[in-house]
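Worksheet: one structure, shown below.
What you are looking at is a predicted structure, and each value in this text was computed from that prediction instead of being measured. Note on naming: letters A, B, ... go to the chains in the order of the sequence lines (proteins, then strands), and numbering restarts at 1 for each one.
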4 protein chains.
Amino acid sequence: MNVVVWNENVHEKMDPRVTELYPGGIHGYVASFLADQDVKVSTATLDMPQCGLPQEVLEETDVLIWWGHMAHDQVPDEVVERVHKRVLEGMGLVVLHSGHFSKIFTKLMGTPCNLKWRDDARERVWTVKPNHPIAEGIPESFSLPCEEMYGEPFGIPEPQEVVFIGWFNGGEVFRSGCTWVRGNGKVFYFQPGHETNPSFQNEYVQRIIRNAVKWCSPIHRKIEIICPHVEPSEPC
Amino acid sequence: MNVVVWNENVHEKMDPRVTELYPGGIHGYVASFLADQDVKVSTATLDMPQCGLPQEVLEETDVLIWWGHMAHDQVPDEVVERVHKRVLEGMGLVVLHSGHFSKIFTKLMGTPCNLKWRDDARERVWTVKPNHPIAEGIPESFSLPCEEMYGEPFGIPEPQEVVFIGWFNGGEVFRSGCTWVRGNGKVFYFQPGHETNPSFQNEYVQRIIRNAVKWCSPIHRKIEIICPHVEPSEPC
Amino acid sequence: MNVVVWNENVHEKMDPRVTELYPGGIHGYVASFLADQDVKVSTATLDMPQCGLPQEVLEETDVLIWWGHMAHDQVPDEVVERVHKRVLEGMGLVVLHSGHFSKIFTKLMGTPCNLKWRDDARERVWTVKPNHPIAEGIPESFSLPCEEMYGEPFGIPEPQEVVFIGWFNGGEVFRSGCTWVRGNGKVFYFQPGHETNPSFQNEYVQRIIRNAVKWCSPIHRKIEIICPHVEPSEPC
Amino acid sequence: MNVVVWNENVHEKMDPRVTELYPGGIHGYVASFLADQDVKVSTATLDMPQCGLPQEVLEETDVLIWWGHMAHDQVPDEVVERVHKRVLEGMGLVVLHSGHFSKIFTKLMGTPCNLKWRDDARERVWTVKPNHPIAEGIPESFSLPCEEMYGEPFGIPEPQEVVFIGWFNGGEVFRSGCTWVRGNGKVFYFQPGHETNPSFQNEYVQRIIRNAVKWCSPIHRKIEIICPHVEPSEPC
């Protein structure tokens, strides 16, 4: 399986705390805990030609992971169209944290994906669907001592499944782990992952992302999206 | 519209705090804030013949509200069967608080509806779907200073819509307001309403229950549930 | 309630069969069976300034009905953005037949909404959810002697509810009536309504569209879509 | 993985056509096309002690396949309770054809699961969700020359996913392949499989059942269903 971890890689150039927490940038760090014998991982960033996502790369990608925040608008529409088409064909997509406002996620959802936020909260992530493949190995709840609060209402379409709900010490709740299907592609959104907080170092966060990659890997690598005129299937 | 508020009415006979909070019992109190010119409300309790729910009453009932806790097992199966059939025919059902373990609710869900619990928590109820008819007039969130904590995982089938999520000061979350459809009947579960806490006095809790009654009132009052042998609809 | 029936009004100018079937155009004809004492109906077409959908019109619109086919691409993106925003705020949207490929519908769905098609089929529409408000007064099934076949797979996200499924004499099936929620707005897609077939004259088709208008009328007329930084709701 | 194919095995004793089509009975025949190196298959029937499903067998069962028709009522409630509990714990359940009226299926659904029917129809099964694991290797549609027609409305709760829709030559449609989750258990219902029709010989029907077994195999083999009193997770 081929996985690409995409990161805008902008905070990393401006704020030393990010690369202290995540050597190699968020993309490099996430890639480091995904690789195993069945998963071939590479990374791509905004500053690469075509954002590191030319057609030939996407065609070989089974699952794309997306982290962005400050620079959503700098991702060219043609790249977004290409990624969108690949999700519809079957490529899995895992959207992390501030990726809720990325062009690709809002395009797939059809809604603004807005939410409330506040820095420096204490979060407890609850496993609402313990039987879901993405929850395999995850305890009933786990704690993130410092994470950005994202609060309801979250401007998403009703998820197919809410796998995790987040509790925050300031009184808020959030559907922190949600799934959807779009075309042949499976989509998972996961809320933890602020650039200056250590959540990606958390063993359960890592496990959830590994599980999500496995869950949304495609059956079909490529399917034509057409609207054909057809002859009758049955005599009439 | 005819609404029946059913209550096991057992705590009321044992614990004076309940009737102090809710004169006339939980059934009487809930009935008192439901009645208006379009809604005719009556009450029924466990100690009445046939639990106050004989066939002729159910046939005229548009929406049934259910509160039970200690005495779920004392509701005869034949009463449960009758209520179940009426829900399938189209009668709306609003299940309150500890009704999560009632025979009728678990029968409709097909699951145990188990959860975590703890008394004397502080709850904040979040409106996750502000556009839902049950959320009409409800603010983004409201606070219940003392309510029984119900915590995830909640052993229910994925709801059609999660309208409210509860936050608790002890670190828990709960899908506090959920909808399902069973046959022609709409079902709403709402978590607040512990017998020794004043939640039913809260204006938003009252409004939610009033909205829910309106939302789950039936289009059809009675439909036969049959499995007919049929002639072809089209020539073949 | 204010309803606007939007039609691209292009076939009407090219093919006399359309205006023979539907005097005043599809927009005028659909408007004619929607008006009653509670519903104020107007029409809008592609050839009007801003497609007849300037901000001041949309702000007063509770439900928008959309028919388009040949000229989807001629609807300016800024009009689509404006309609999209209004749906998220709460405006209901009823998309008819070939509107499946309209910019507004595919934007709300996040998917291509592709399908199979063939002219001059015989269709039987089955009511899968007889309790749904949109199915009120509709029989178990009804026949459309000549309608364009739309066939599965239909490239939509899993609907919240499939209310109608279409059977076609050439061996195809289609999820002919589906609902979704996007932001505060309710969306209903309905498959019958080819420009040269008399389906809009069918009493059940008319009833379904009337029911759908009622079903997707908003609770909220306008809601801000924001992503606010917030203070804690609870002491922390 | 351990799979048990359960069959009431009643038609087999009365109608020689069944065992001509399916040597060894429906249970034996279905078992024969499921076994492979990763799947250990056994069978169980109504006439065995405890229906062949004592606790020690169920505890080791990952996926149970269910075929029944005439003798639903002869399955003791205690066996049904035991199977139900195992599904909630995580055991997968594949319900075939007339199993729609089995005690275990209606108990899990919470609804009567009624439908229309007629013998000797021609069916075409359409793949509505080509990306679903259960549809892997299945064409866009396939034909069953003689199968019992099951027609809508089908008295089930809205499925999590409708994977297949059936077309029948007499004008009917049916949600022929549907999924639900109940507790930790995944449930798949599949409509083809009448005892005197050769559908289980069809390569695609066989593939669908094999896929379904794989799809609904559990992550968790056993989970306690409890309703615990808990201490706060966070200081309060």
Qualifying residues under side-chain hydrogen bond (donor to acceptor under 3.5 Å, both in side chains), relative to [X], sequence neighbours excluded:
X         : result
Thr179(A) : Glu161(A)
Ser141(A) : Arg124(A)
Ser199(D) : Glu147(D)

note = On a heavy-atom basis, the closest approach of Gly185(A) and Asn131(D) is N-ND2, 4.5 Å
request  = Kindly give the heavy-atom pair with the smallest separation between Pro133(D) and Ile219(A), and that separation in Å.
outcome  =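 Residues Pro133(D) and Ile219(A), closest heavy atoms: CA-CD1, 3.2 Å.
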task = Give, as side chain, backbone, both or neither, the part of Ser233(D) having an atom under 4.5 angstrom from any heavy atom of chain A.
result = both
query = When you look at CD of Glu56(A), are more than 12 heavy atoms from neighbouring residues, nucleotides or ligands closer to it than 6.0 Å?
reply = yes
note = From the list Arg122(D), Lys186(D), Lys129(D), His132(D), the residue making the most non-hydrogen contacts under 4.5 Å with chain A is Arg122(D)
inquiry  = Strictly less than 4.5 Å between heavy atoms, which residues of residues 166-176 of chain D line up against chain A? Please order them by number.
reply    = Trp167(D)
